[in-house]
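The first residue in the sequence is number 1, and the count goes up from there. Both ligands and their constituent atoms are indexed starting at 1 by order of listing.
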Amino acid sequence: MTEKRIDLLSLDTHELTGLLTSWNEPVYRVKQIQRWLYHELADDFAAMSNLPQALRARLAQETRLGALTPLVTQKSADGLTQKTLFQMTDGQTVETVLMRYLDAPGSPAEAADAAHVTRRTVCISTQVGCPVGCPFCETGQAGFIRNLTLGEIVAQVLYFARQEKRAGHELPLTNLVIMGMGEPFMKFNVTWRALEAFTDPARLGLGARRITVSTSGYVDGIRQLAEKDLQVNLAVSLHAADDALRDELVPVNRKHPLRELMRACRDYVRATHRRVTFEYALMDGINDSPAHAQAVAQLLHGMLCHVNLIPLNPTSASAYRRTPAARVKQFENSLRAANIPTTLRVEKGIEIAAGCGQLRQQMSQRAAERQAA
Ligand code: SAH
Ligand code: SF4
């Protein structure tokens, strides 16, 4: 059965106002409802105590508060990372990760539920599968099914915000990264509406500087973001500094080769005065030699940027393996020596397959095994 109710999380302020006006409700109800949804984090219309009973009943009948049902949750051994697979109203699934960071390294594991957590980052998805098809990425290997709606994107954040609030945390979420399943700039408009929902003080009200959006190299999206007056961070998945290799590793490169991508990135920096983060997943024997490091340094020379080296999370179906630690260090040192600011990404919960798309893959594999049995 298709879901007919309106997803309130898919409406921006203007659209919510339109809906309530069409119901002959006063405009101040918009603020009241948004406060319940995004500040009080209500998950039930019954809790919206300052709304008249009749309005609550109508809302419950004709609308809904998001569209995600949690199916499975995995936690890392230290309890700091949590990954949840959600089912949407059409049965498709998508995953979201919550990463908690402690104030001091080495704090006890129990700190996950205590005041020692200083940062809570949610990594959200924008698509079911991904059409880009990067061969080292579980999501890319699963094929593309569909884009998420605005409501489905916002609901991922609200789920974790509610959970952390229920656990008694004053500041439930501090950071957001759009680095889960899918290519966020394929549907720039939906991602932009999500960014508005995250930063709008009447809705989630997060600081734009605490939000990062990662693209595989959709040049139009980079250019559109550059025109917006919102200080979100841009990350670009580089993974290779020559077209032949990048065509293979990040296939959107065939459409937007490095010259075009780098021109868009340099224009972005010029327009926004913000640095771009380049993500580079080190793959054993593929893109991790001293010559590769030199090519990266040359490509990024003189640019306001930062390289984030990522230890590859080996996936079930691909032959790509992670670079051994000594070579990672060498790569990092070469970039630093060439004056490229470089960091090594801290791994969160590898044992629960923190790379996005992997939990979904495990679950569909299990379902297939059950069917075959
Ligand atoms: N589609 C967007 C955002 C989601 S992927 C993009 O590609 O940028 C977020 C990051 O995780 C990207 O840099 C991506 O290349 C990287 N990634 C994907 N699979 C990975 C894996 N198995 N190990 C390490 N990083 C991976
Ligand atoms: Fe899509 Fe990003 Fe995975 Fe590539 S790495 S397939 S762009 S989600």
Side-chain angles (χ1 to χ4, degrees), residues 83 94-97 99 121-148 153 156 176-188 190-191 194-195 211-219 221-222 225 232-240 245-256 261 264-265 276-284 286-288 296 306-323 328 343-350 352-362:
K83 178 187 269 197
V94 78
E95 63 189 58
T96 314
V97 183
M99 294 163 282
T121 299
V122 182
C123 175
I124 53 176
S125 296
T126 53
Q127 297 181 319
V128 183
C130 177
V132 179
C134 305
F136 57 89
C137 167
E138 196 80 72
T139 302
Q141 291 310 291
F144 174 61
I145 297 176
R146 69 169 174 87
N147 297 297
L148 296 192
I153 297 175
Q156 295 171 59
L176 266 183
V177 293
I178 307 184
M179 288 190 185
M181 295 167 62
E183 167 49 54
F185 284 171
M186 233 190 82
K187 282 275 177 206
F188 183 84
V190 179
T191 297
L195 290 171
I211 301 174
T212 300
V213 54
S214 172
T215 180
S216 55
Y218 272 64
V219 167
I222 296 173
L225 188 65
V232 292
N233 303 297
L234 172 68
V236 174
S237 299
L238 187 62
H239 307 319
L245 183 56
R246 198 163 186 274
D247 280 353
E248 191 189 314
L249 294 181
V250 191
V252 69
N253 195 70
R254 296 173 199 161
K255 192 166 172 218
H256 300 296
L261 174 62
C265 290
V276 175
T277 295
F278 289 97
E279 295 156 285
Y280 197 98
L282 285 162
M283 304 173 212
D284 191 13
I286 305 283
N287 65 353
D288 59 353
V296 172
H306 166 258
V307 172
N308 194 1
L309 297 174
I310 311 173
L312 186 80
N313 216 331
T315 63
S316 55
S318 90
Y320 295 93
R321 295 286 159 254
R322 71 169 45 185
T323 296
V328 171
T343 48
L344 188 60
R345 181 179 291 175
V346 191
E347 284 186 81
K348 298 295 292 178
I350 176 100
I352 60 153
C356 246
Q358 298 186 358
L359 176 55
R360 179 168 174 268
Q361 159 64 19
Q362 283 167 17

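- Both the backbone and the side chain of C134 come within contact range of ligand 2, each with a heavy atom under 4.0 Å.
- In terms of protein heavy-atom proximity, atom 3 (Fe) of ligand 2 is closest to C137 SG, 2.4 Å.
- Side-chain contact of S214 with E279: a donor-acceptor pair under 3.5 Å is present, judged by distance alone.
- Each of the atoms 6 (S) of ligand 2 lies under 4.0 Å from some heavy atom of G133.
- Put simply, the side chain of L312 does not reach to within 4.5 Å of the side chain of L282, judged on heavy atoms.
- Side-chain polar atoms of T126 and E183 form no donor-acceptor pair below 3.5 angstrom.
- The closest side-chain heavy-atom distance from P251 to C134 is below 4.5 Å.
- At least one donor-acceptor pair under 3.5 Å links the side chain of T191 to the backbone N or O of P184.
- The C137 neighbourhood of ligand 1 comprises atoms 18 (C), 19 (N), with distances under 4.0 Å to a heavy atom of that residue.
- Of all the atoms in ligand 1, the ones that sit under 4.0 Å from a non-hydrogen atom of T315 are 22 (N).
- Considering backbone and side-chain atoms alike, S214 places an N or O below 3.5 Å from some N or O of ligand 1.
- Only the backbone of T215 comes within 4.0 Å of ligand 1, counting heavy atoms alone; no side-chain atom from C-beta on gets that close.
- Within ligand 2, counting atoms from 1 as listed, the ones closer than 4.0 Å to a heavy atom of S216 are 7 (S).
- Of the heavy atoms in F136, both backbone and side-chain atoms come closer than 4.0 Å to ligand 1.
- Closest heavy-atom approach to atom 6 (C) of ligand 1 within the set P314, G217, P311, S237: this belongs to S237.
- Within ligand 1, counting atoms from 1 as listed, the ones closer than 4.0 Å to a heavy atom of M179 are 4 (C), 5 (S), 9 (C).
- Counting only heavy atoms from C-beta outward, the side chains of I222 and F185 approach each other to under 4.5 Å.
- Of the candidates M283, E279, H239, H239 brings a heavy atom nearest to atom 15 (O) of ligand 1.
- Without hydrogens or angle criteria, R321 side chain to D284 main chain gives no donor-acceptor distance under 3.5 Å.
- Side chain of S125 to backbone of Q127: no donor-acceptor contact under 3.5 angstrom is found.
- Looking only at protein heavy atoms, the nearest one to atom 2 (Fe) of ligand 2 is G182 O, 4.5 Å.
- Nearest protein neighbour of atom 1 (Fe) of ligand 2, counting heavy atoms only, is C130 SG, 2.3 Å.
- For ligand 1, the atoms sitting less than 4.0 Å from at least one non-hydrogen atom of N313 are 21 (C), 22 (N), 23 (N), 24 (C), numbered in the order shown with element in parentheses.
- Close to ligand 1: G182, with a non-hydrogen atom less than 4.0 angstrom away.
- Contact check for L245 versus I286: side-chain heavy atoms found under the 4.5 Å cut-off.
- Minimum heavy-atom separation, T212 to A235: CG2-CB, 3.9 Å.
- At least one heavy atom of G180 sits closer than 4.0 Å to an atom of ligand 1.
- Taking the centre of each ring, H239 and F278 stay at or above the 6.0 Å mark.
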